[in-house]
Amino acid sequence: MMSIDGKVALITGASSGIGAATALKLAAAGVKVTIAARRADRLEALKTEIVEKGGEALALEMDVTDMASVEHGVKRLIETYGSIDILFNNAGIMPVSEIDQFKTGEWNAMVDINIKGVLNTTAAVLPQMIEQHSGHVFNTSSIAGRKVFGPGFAVYSATKFAVTAFSEGLRMEVGRKHNIRVTCIQPGGVTTELPEQTTDPDKRRQLDAYRSQVRFLDSSDIADAVVFAAQAPAHVNVAELFILPIEQA
Ligand code: NDP
């Protein structure tokens, strides 16, 4: 395995769930982690925890839908650490509802955060990685980026299929040419705050019921997989990580 001690990472959606857990695991492996999200108070608490455990962290209030905010954050990161080795495009939301409810505001928010957020952050970070001729981009798709679960998941799944497709295309373009690895992560159910954005009471009940039937993954299970792929030898690209609870079909 390759040491990642001293590497620099940017993690979007680091204020909770998978992003926060991955920041902790990467920092424990010696990575300087830039933790980005909108909730500054949560980021400060996480930064304190990382530093108390002997790690290094930079907290950045960033909205991935706002290109100026993303560019400002990446500029601060480069000024602080001088390089960027790992980008974890993890920010995402999942307000599920059926199409005939026409919750178009929620559809647009998912497109803006789950798809355009990935594109914005990639566009801001990639020039630095190309200049370095090295880097590793992780994109969080989902099992929902491989199949549509059923009613309510059409738009969320569409955004995650987009992330899967973008990851594959990006990998083809930047691997050989720029020595940049691309890993598409496709988790099944993970216990996080993700279901809380669902405003439809029936769908929310369904999500909660499913979570009570299946022993979900912990965020740290995904974080372990990210660390594994990041530590793979330089010539190895772990292109996909499809990680499910053992009970999930
Ligand atoms: P959380 O809700 O805990 O985390 C989502 C993160 O995204 C938060 O840190 C949130 O921070 C951030 N975020 C949301 N909008 C923005 C924005 N506009 N700009 C910057 N950050 C934003 O859920 P998870 O940890 O579960 O989600 C992480 C990723 O994993 C998502 O992409 C999700 O789709 C994916 N996923 C999750 C699964 C699960 O079962 N939990 C399964 C498969 C995939 P803030 O609100 O502070 O900005």
Side-chain angles (χ1 to χ4, degrees), residues 11-22 36-39 41-42 61-67 69-70 88-122 138-168 184-219 221-222 240-245 247-249:
I11 304 167
T12 68
S15 58
S16 59
I18 294 167
T22 306
R38 296 166 303 179
R39 288 171 295 176
D41 53 336
R42 300 278 289 261
E61 199 176 330
M62 182 194 283
D63 183 340
V64 294
T65 68
D66 177 354
M67 194 63 197
S69 164
V70 173
F88 188 10
N89 278 316
N90 166 74
I93 59 167
M94 188 190 73
V96 291
S97 62
E98 293 188 22
I99 297 297
D100 61 8
Q101 292 198 16
F102 299 104
K103 289 182 182 279
T104 54
E106 294 182 354
W107 303 353
N108 285 327
M110 281 190 276
V111 169
D112 286 346
I113 297 170
N114 300 1
I115 304 177
K116 292 188 194 168
V118 171
L119 301 181
N120 288 342
T121 314
T122 304
F138 291 83
N139 295 328
T140 309
S141 174
S142 168
I143 183 177
R146 302 169 65 101
K147 66 176 178 184
V148 182
F149 291 128
F153 285 90
V155 179
Y156 179 72
S157 253
T159 66
K160 291 303 185 182
F161 268 75
V163 173
T164 300
F166 175 65
S167 303
E168 193 173 333
C184 181
I185 310 170
Q186 300 172 327
V190 186
T191 304
T192 68
E193 297 169 21
L194 200 67
E196 292 173 18
Q197 296 126 17
T198 292
T199 53
D200 178 284
D202 289 339
K203 286 293 167 223
R204 180 63 199 272
R205 266 192 297 278
Q206 279 175 27
L207 291 173
D208 291 343
Y210 186 58
R211 195 180 345 196
S212 67
Q213 289 159 15
V214 170
R215 198 308 190 180
F216 270 25
L217 301 172
D218 300 321
S219 292
D221 298 323
I222 306 301
E240 285 185 8
L241 289 166
F242 182 31
I243 308 160
L244 300 178
E247 294 173 342
Q248 186 168 9

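- Every residue two or more places apart in sequence or in another chain that forms a ring pair (Phe, Tyr, Trp, His ring centres under 6.0 Å) with Phe149 is listed here: Phe153.
- No donor-acceptor pair closer than 3.5 Å links the side chain of Thr65 to the backbone N or O of Ile113.
- Residues satisfying the side-chain hydrogen bond (donor to acceptor under 3.5 Å, both in side chains) criterion with Ser16, sequence neighbours excluded, are Arg39.
- The ring pair (Phe, Tyr, Trp, His ring centres under 6.0 Å) test applied to Phe138 returns His136, not counting sequence neighbours.
- For Ser142, there are no side-chain hydrogen bond (donor to acceptor under 3.5 Å, both in side chains) partners, not counting sequence neighbours.
- Residue Lys116 places its NZ atom among 12 or fewer non-hydrogen atoms of other residues, nucleotides or ligands, all under 6.0 Å distant.
- A search for side-chain hydrogen bond (donor to acceptor under 3.5 Å, both in side chains) contacts involving Thr12 returns nothing, not counting sequence neighbours.
- Within the structure, no pair that satisfies the salt bridge (Lys or Arg N to Asp or Glu O under 4.0 Å) test touches residues 149-166, not counting sequence neighbours.
- Side-chain N or O atoms of Thr121 include none that pairs as donor or acceptor with a backbone N or O of Asn89 at under 3.5 Å.
- At least one side-chain heavy atom of Tyr156 sits less than 4.5 Å from a side-chain heavy atom of Leu194.
- Closest heavy-atom contact between Pro195 and Leu207: CB-CD1, 4.0 Å.
- The CE atom of Met67 sits 9.5 Å away from atom CG of Leu119, with the distance rounded to the nearest 0.5 Å.
- One finds the CD1 atom of Ile143 at 11.0 Å from the OG1 atom of Thr164 (value rounded to the nearest 0.5 Å).
- Shown here for Gly17 and Ser219, the closest heavy-atom pair between the two residues is C-OG, 3.2 Å.
- Note that the CG atom of Asn114 and the CG atom of Asn139 stand 11.5 Å from one another [nearest 0.5 Å].
- For the atom pair OG1 (Thr192) and CD1 (Ile222), the distance works out to 10.0 Å, reported to the nearest 0.5 Å.
- In this structure Phe216 satisfies the ring pair (Phe, Tyr, Trp, His ring centres under 6.0 Å) test together with Tyr210, sequence neighbours excluded.
- Here the OG atom belonging to Ser15 is positioned 12.5 Å from the CE atom belonging to Met62, to the nearest 0.5 angstrom.
- Residues passing the salt bridge (Lys or Arg N to Asp or Glu O under 4.0 Å) test with Glu106: none are found, sequence neighbours excluded.
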Return a table of donor-acceptor pairs under 3.5 angstrom between the side chains of residues 92-102 and protein atoms on other chains or two or more places apart.
unit_1, atom_1, unit_2, atom_2, d
Glu98, OE2, Lys203, NZ, 2.9
Gln101, NE2, Asp200, OD2, 2.4

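- Annotation: salt bridge (Lys or Arg N to Asp or Glu O under 4.0 Å) contacts of Asp221 (sequence neighbours excluded): none.
- In terms of the side-chain hydrogen bond (donor to acceptor under 3.5 Å, both in side chains) criterion, residue partners of Thr140 (sequence neighbours excluded) are, by chain and number, Asn90.
- For residues 204-215, the pairs satisfying salt bridge (Lys or Arg N to Asp or Glu O under 4.0 Å) are Asp202-Arg205, Arg204-Asp208, Arg215-Asp218, with sequence neighbours left out.
- Between atom OG of residue Ser141 and atom CD of residue Glu168 there is a gap of 11.0 Å, rounded to the nearest 0.5 Å.
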